[in-house]
Amino acid sequence: MKKTCIICGNTKGKRICQLHENEAICPVCCATNRQQTCGGCGYYQVAEAYQSSKTHHVGSKHFIAEINEDVINEVDRALILCEKGSFSEALPILQELLPAHPRSHHVNYGMGLYYALQGNYDEALIFLDRATDIFPYFVEAYFNKGTVFMKKLDLKRMIKAYQTVIEIGDPQEETVKQAHDILQDFDQHLREHGNSSLEAYLKGAEIFERALEAMNDKKWTQAISLFQKCTQYSPHHPQPYGNMGICYGKLGQKALALQALDMALELDPDYEIAIVNRAIVASLQEGNKLSPDKVESIEYYTEYARNGKSYIQTIDQKRKSELQS
């Protein structure tokens with residue numbers, strides 16, 4: 001059970017305060033009670049650098065940000081309503097703040113959480129991205145971006161977001177500890193079940209994206225080569241094999257296409273897109289190429305499996321609808 005702030009007693013305590021014997025306090029009380037003796041606190045150091053000028057640079061990145069305690073209080077009030085499920089009451093607060101404070105990372109963060117808590121992850125990322133663009137040291141925003149990417153099964157970006165939390169946050173901060181634990185657990189899972197590691201997974205994900213680009217450009221041979229490299233980093237992931245099956249089919253190499261699709265189904269017998277594509281490839285004569293309208297390459301796990309949808313049922317319903325019309 002999460003503790004409330006020991007100072008105000010109203011808001012969730014999110015930050016460990018050294019002045020109050022390492023008890024949890026809310027961001028507003030952290031800001032209003034901050035003093036010189038907080039010098040060893042990561043929040044104090046970030047705040048000092050943050051407020052030193054209206055214009056700042058992080059590496060080559062230029063940003064302008066706004067601090068307004070009244071705005072922070074209003075955002076926290078809206079988020080408390082969101083946590084209670086009172087989204088209809090929270091939205092007018094945030095909508096009133098946004099046009100008046102478009103450069104407030106707190107307001108954009110609040111809007112991001114408003115959408116994230118309702119499962120509208122794409123809209124949430126728009127505002128969370130704005131929050132971190134305005135204030136690149138915004139640990140909580142990066143953490144919630146990681147959570148949203150996890151929900152979207154975008155594991156590569158999830159890892160990157162949590163790594164940023166660890167990189168810019170105070171090691172004693174609870175959010176940083178949580179990000180570290182999540183990545184440690186994921187790395188352990190990969191080693192135990194995927195014969196891989198966090199570093200290898202990221203490398204494989206980068207190659208997979210390049211392979212998809214080649215596939216979308218109809219560079220079938222190049223795509224196959226890249227998908228084969230993916231399997232070296234993520235040997236238990238069915239998608240590279242399923243996509244190789246499509247590419248071989250486009251080249252008219254039926255036997256190799258079936259071999260790749262069979263491997264995908266060996267790894268995941270419920271991989272519906274591979275089941276459908278295998279049936280299509282099996283109907284071809286050796287040497288005949290897949291036509292553009294015969295197979296699909298989709299984000300199956302993101303679009304269907306995560307949402308409990310059946311790809312096979314979807315295409316069956318589509319065909320019935322086409323017959324009726």
Side-chain angles (χ1 to χ4, degrees), residues 4-5 7-8 10-15 17 25-35 38 41-149 161 164-165 168-170 173 175:
T4 57
C5 172
I7 298 177
C8 67
N10 296 319
T11 308
K12 185 188 299 180
K14 298 180 180 178
R15 300 179 178 180
C17 179
I25 65 173
C26 69
V28 175
C29 288
C30 174
T32 54
N33 289 272
R34 193 173 292 137
Q35 52 188 274
C38 298
C41 173
Y43 282 110
Y44 177 83
Q45 294 166 359
V46 170
E48 284 294 289
Y50 179 53
Q51 298 185 74
S52 62
S53 172
K54 290 183 179 179
T55 304
H56 313 257
H57 297 270
V58 176
S60 61
K61 190 166 184 176
H62 175 88
F63 67 96
I64 300 173
E66 171 192 345
I67 294 179
N68 185 314
E69 298 301 337
D70 291 334
V71 169
I72 295 173
N73 284 328
E74 283 297 282
V75 171
D76 278 352
R77 185 164 71 91
L79 292 181
I80 290 170
L81 289 169
C82 288
E83 289 173 359
K84 294 177 179 178
S86 302
F87 296 105
S88 60
E89 295 179 50
L91 183 57
I93 298 172
L94 295 169
Q95 286 180 325
E96 184 177 347
L97 289 170
L98 189 59
H101 304 277
R103 293 293 306 171
S104 168
H105 56 291
H106 290 289
V107 174
N108 283 282
Y109 174 71
M111 288 296 297
L113 289 194
Y114 166 82
Y115 285 111
L117 289 169
Q118 296 177 87
N120 192 340
Y121 300 126
D122 291 334
E123 197 72 19
L125 284 172
I126 292 173
F127 288 100
L128 292 174
D129 282 342
R130 288 179 188 171
T132 54
D133 284 343
I134 295 167
F135 184 31
Y137 290 122
F138 201 169
V139 173
E140 290 94 338
Y142 279 110
F143 184 87
N144 281 284
K145 283 167 73 169
T147 303
V148 169
F149 285 131
T164 303
V165 170
I168 67 175
D170 184 340
E173 184 183 343
T175 305

Closest non-hydrogen atom pair between [X] and [Y], with its separation:
| X | Y | answer |
| --- | --- | --- |
| Val75 | Gly110 | CG1-CA, 4.0 Å |
| Ser104 | Asn108 | O-ND2, 3.0 Å |
| Gly169 | Glu173 | CA-OE1, 4.2 Å |
| Ala116 | Ala124 | N-CB, 3.6 Å |
| Ala78 | Ala90 | O-CB, 3.3 Å |

[atom1]/[X] to [atom2]/[Y] distance, rounded to the nearest 0.5 angstrom?
| X | Y | atom1 | atom2 | value |
| --- | --- | --- | --- | --- |
| Cys82 | Gln118 | SG | CD | 7.0 Å |
| Phe138 | Ile168 | CZ | CD1 | 10.0 Å |
| His101 | Ile134 | NE2 | CD1 | 12.5 Å |
| His105 | Leu128 | NE2 | CG | 12.5 Å |
| Thr175 | Glu140 | OG1 | CD | 5.5 Å |
| Ile72 | His106 | CD1 | NE2 | 3.5 Å |

[Y] side chain reached by [X] side chain, heavy atoms, under 4.5 Å:
| X | Y | value |
| --- | --- | --- |
| Leu117 | Phe87 | yes |
| Thr164 | Thr132 | no |
| Lys145 | Asp129 | yes |

Sequence neighbours left out, what passes ring-ring contact (aromatic ring centres under 6.0 Å, His included) with Phe143? Give chain and number order.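 Result, ring-ring contact (aromatic ring centres under 6.0 Å, His included) vs Phe143: Tyr162.
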According to ring-ring contact (aromatic ring centres under 6.0 Å, His included), who are the partners of Phe149, at least two apart in sequence or on a separate chain?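 Phe149 satisfies ring-ring contact (aromatic ring centres under 6.0 Å, His included) with no residue once adjacent residues are dropped.
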Could you please spell out the steps behind the side chain to side chain donor-acceptor pair (under 3.5 Å) verdict for Asn144 and Tyr109? CA-CA 9 Å; Asn144 281 284; Tyr109 174 71; 3.0 Å; yes
CA sep, side-chain torsions, deciding dist, call: Leu91, Leu81, side chain to side chain contact (heavy atoms under 4.5 Å, CB included): CA-CA 9 Å; Leu91 183 57; Leu81 289 169; over 6 Å; no
Could you check whether the rings of Phe135 and Tyr137 sit parallel, tilted or perpendicular, using 30° and 60° as the cut-offs?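 Phe135 and Tyr137: perpendicular rings.
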Take Phe127 and Tyr115 through the side chain to side chain contact (heavy atoms under 4.5 Å, CB included) test and state the conclusion after the steps. CA-CA 9 Å; Phe127 288 100; Tyr115 285 111; 3.6 Å; yes
Side-chain donor/acceptor of Glu74 to backbone N/O of Asp70, under 3.5 Å: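 Judged by distance alone, no pair lies under 3.5 Å.
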